[in-house]
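Can you keep this structure in mind? I'll have questions shortly.
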There are 2 protein chains.
Amino acid sequence: MTKFETKSVNRKSDIISAAIEVFAETGYFRATTAQVAERAKISQPYIFRFFSTKEALLLTALEVSWTRVIDSFRKVVESASPEQLETELIQAYVVILESYRNEVLLQMQAQTIQEESIREAMRGGFGEVRHMVLDAFRSAGIPNAEERTMLFLARGMLCNISAALAMPELMGI
Amino acid sequence: MTKFETKSVNRKSDIISAAIEVFAETGYFRATTAQVAERAKISQPYIFRFFSTKEALLLTALEVSWTRVIDSFRKVVESASPEQLETELIQAYVVILESYRNEVLLQMQAQTIQEESIREAMRGGFGEVRHMVLDAFRSAGIPNAEERTMLFLARGMLCNISAALAMPELMGI
DNA sequence: GAGTTGACTAATTGATGAATCACTAACCTG
DNA sequence: CAGGTTAGTGATTCATCAATTAGTCAACTC
């Protein structure tokens with residue numbers, strides 16, 4: 001592990017973190033690569049050493065944000081008792097909403113981008129979460145697992161909006 | 001009603017309709033006023049006779065889209081029987097999702113725009129819908145009206161995502 | 001310690017966009 | 001029909017952005 005490699009890896013994740021912040025705050029299309037670079041404390045062209053296009057950076061940022069949710073839920077699924085499963089999943093999501101608000105805001109933005117590569121990434125992330133929750137509900141012997149999964153996801157999406165618009169009256173958790 | 005006034009009104013609503021389409025398809029920040037003008041079959045500068053800024057046009061487009069939902073729900077609330085209330089509200093929303101997809105996509109975009117004027121418009125629209133549904137559920141004697149309203153809204157938001165990402169497996173209606 | 005490699009940036013490019021300006025043509029009114 | 005008003009546009013402005021190029025400098029290699 002040379003000094004170079006270490007820096008390089010850090011730079012890449014610096015850029016991703018900066019991109020998540022700037023994209024979430026400003027909006028992906030309005031945000032500029034110069035703003036991302038400034039936040040990451042590098043020069044603007046240097047972003048393109050790690051990401052061939054701005055869109056490639058967005059896709060990586062989305063992957064990070066979905067991994068956050070999926071890993072968090074997986075831990076709950078692997079450890080929670082059947083009775084506590086749904087409660088703990090909800091708690092895990094609340095933690096994400098509070099600690100990684102920008103990642104959620106970025107996912108919400110990406111939901112409306114009509115670009116096939118991005119829609120694919122979003123379908124992938126959403127589908128994986130749904131599948132994991134559904135399997136977990138079934139394994140826990142929860143009746144109407146299909147319906148309960150849908151309601152769980154639906155409440156999550158309403159929480160997103162509640163957080164994004166600062167409407168606490170919608171946060172029914 | 002002179003010929004002038006009539007034309008002028010038509011132009012304005014032409015522009016709004018075009019803006020809803022173009023903003024929804026392309027994304028508000030990426031979409032250009034030239035694209036909106038082309039869709040409305042007018043010149044680009046002429047947009048600014050009716051809307052002082054691009055953002056003013058967005059706000060008007062959002063108002064139109066919220067009016068669509070609110071008027072539609074009001075009709076249901078004023079006519080439906082207590083037993084059929086929720087079912088008919090859901091049906092009304094499905095119609096909107098199918099017939100005015102672009103307006104819904106625009107609302108979804110606006111949910112993530114961190115600009116106070118836009119957040120205010122979104123809070124206003126969302127709040128009015130919530131209030132109307134909650135009152136109607138209470139008037140209909142539905143138990144746990146608060147909770148049922150939340151679930152109704154939550155399912156609606158999941159339907160939006162299902163439609164936006166083309167994930168029919170999420171459409172649980 | 002000459003030469004190579006890797007980290008990083010300044011300067012530039014070629015497009016593009018919101019908004020303004022200056023204008024024409026049609027219409028309407030007295 | 002003269003003077004004023006409305007509908008509408010071409011051309012321009014000034015700013016901005018993603019991406020490229022060409023390069024600097026420090027560190028490692030042998």
Side-chain angles (χ1 to χ4, degrees), chain A residues 1-62 106 109-110 113-115 117-118, chain B residues 1-62 106 109-110 113-115 117-118:
Chain A
M1 181 170 65
T2 74
K3 221 174 176 185
F4 279 146
E5 280 165 13
T6 310
K7 270 190 177 175
S8 185
V9 167
N10 287 343
R11 285 288 172 259
K12 183 162 185 178
S13 69
D14 285 352
I15 293 170
I16 297 168
S17 299
I20 289 170
E21 288 183 27
V22 173
F23 290 171
E25 290 168 12
T26 312
Y28 169 68
F29 290 120
R30 182 168 46 168
T32 71
T33 55
Q35 287 174 302
V36 173
E38 191 184 359
R39 188 80 55 115
K41 290 171 186 155
I42 56 162
S43 69
Q44 179 259 339
Y46 198 42
I47 290 176
F48 295 89
R49 291 279 149 161
F50 300 92
F51 303 94
S52 59
T53 62
K54 188 186 176 187
E55 186 180 308
L57 174 55
L58 170 62
L59 284 169
T60 305
L62 285 175
L106 187 60
Q109 274 187 49
I113 297 178
Q114 309 288 329
E115 195 92 58
S117 59
I118 292 159
Chain B
M1 180 169 67
T2 73
K3 221 174 174 183
F4 278 146
E5 279 165 14
T6 310
K7 268 191 178 174
S8 186
V9 167
N10 286 344
R11 284 288 173 259
K12 184 163 186 179
S13 69
D14 285 352
I15 294 169
I16 297 167
S17 299
I20 290 171
E21 287 182 27
V22 173
F23 289 172
E25 289 168 13
T26 313
Y28 169 68
F29 291 119
R30 183 168 45 168
T32 72
T33 54
Q35 288 174 302
V36 174
E38 191 183 359
R39 188 81 55 116
K41 289 170 187 157
I42 57 163
S43 69
Q44 180 260 337
Y46 199 41
I47 289 176
F48 295 90
R49 291 278 149 151
F50 300 92
F51 303 95
S52 59
T53 62
K54 189 186 175 188
E55 186 180 308
L57 174 54
L58 171 62
L59 284 168
T60 305
L62 285 175
L106 187 60
Q109 275 186 49
I113 297 179
Q114 310 288 326
E115 194 94 55
S117 58
I118 292 160

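A note on names: the letters A, B, ... follow the listed sequences, proteins ahead of strands, and every chain is numbered from 1.
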Seminar exercise, completed: From CG of A/Leu58 across to P of D/dA19 the rounded distance in Å is 12 Å
Exercise. In whole angstrom, what separates B/Leu57's CG from C/dA18's C1'?
Worked result: 12 Å
For this session: Classify the nucleic acid contact of A/Ile47 as base, sugar-phosphate or nothing, counting any heavy atom under 4.0 Å across all strands shown.
Result: nothing
Exercise. Rounding to a whole Å, what distance do you find between A/Glu38:CD and C/dA10:P?
Worked result: 13 Å
For this session: Return the value, rounded to whole Å, for the distance between atom CZ of B/Phe50 and atom C1' of D/dG8.
Result: 9 Å
Seminar exercise, completed: When rounded to the nearest 0.5 Å, the distance separating OG1 of A/Thr26 from CD1 of B/Ile113 is 11.5 Å
Problem set entry | Qualifying salt bridge (charged side-chain N to carboxylate O under 4.0 Å, His left out) pairs with a residue from residues 32-48 of chain A, counting only residues at least two apart or across chains | A/Glu21-A/Arg39, A/Glu25-A/Arg39
Problem set entry | Under 4.0 Å protein heavy-atom contact, by nucleotide of nucleotides 12-18 of chain D - B base, S sugar-phosphate only | -----SB
For this session: Please tell me which of the listed nucleotides, C/dT20, D/dT9, D/dT20, lies nearest to the side chain of B/Arg49?
Result: D/dT9
Exercise. CD1 of A/Ile118 to OH of A/Tyr28: how many Å apart, nearest 0.5 Å?
Worked result: 5.5 Å
For this session: Report yes if some heavy atom in the side chain of A/Leu58 is under 4.5 Å from a heavy atom in the side chain of A/Leu106; otherwise report no.
Result: yes
Exercise. Expressed in angstrom and rounded to an integer, what is the separation of A/Ile15 atom CD1 from C/dA7 atom P?
Worked result: 12 Å
Exercise. Under 4.0 Å between a side-chain N/O of B/Tyr46 and OP1 or OP2 of D/dT9, yes or no?
Worked result: no
For this session: Please round to the nearest 0.5 Å and tell me the distance separating atom CD1 of A/Ile16 and atom NZ of A/Lys12.
Result: 6.0 Å
Exercise. About how many Å separate NZ of A/Lys54 and CG of A/Leu59, when rounded to the nearest 0.5 Å?
Worked result: 12.5 Å
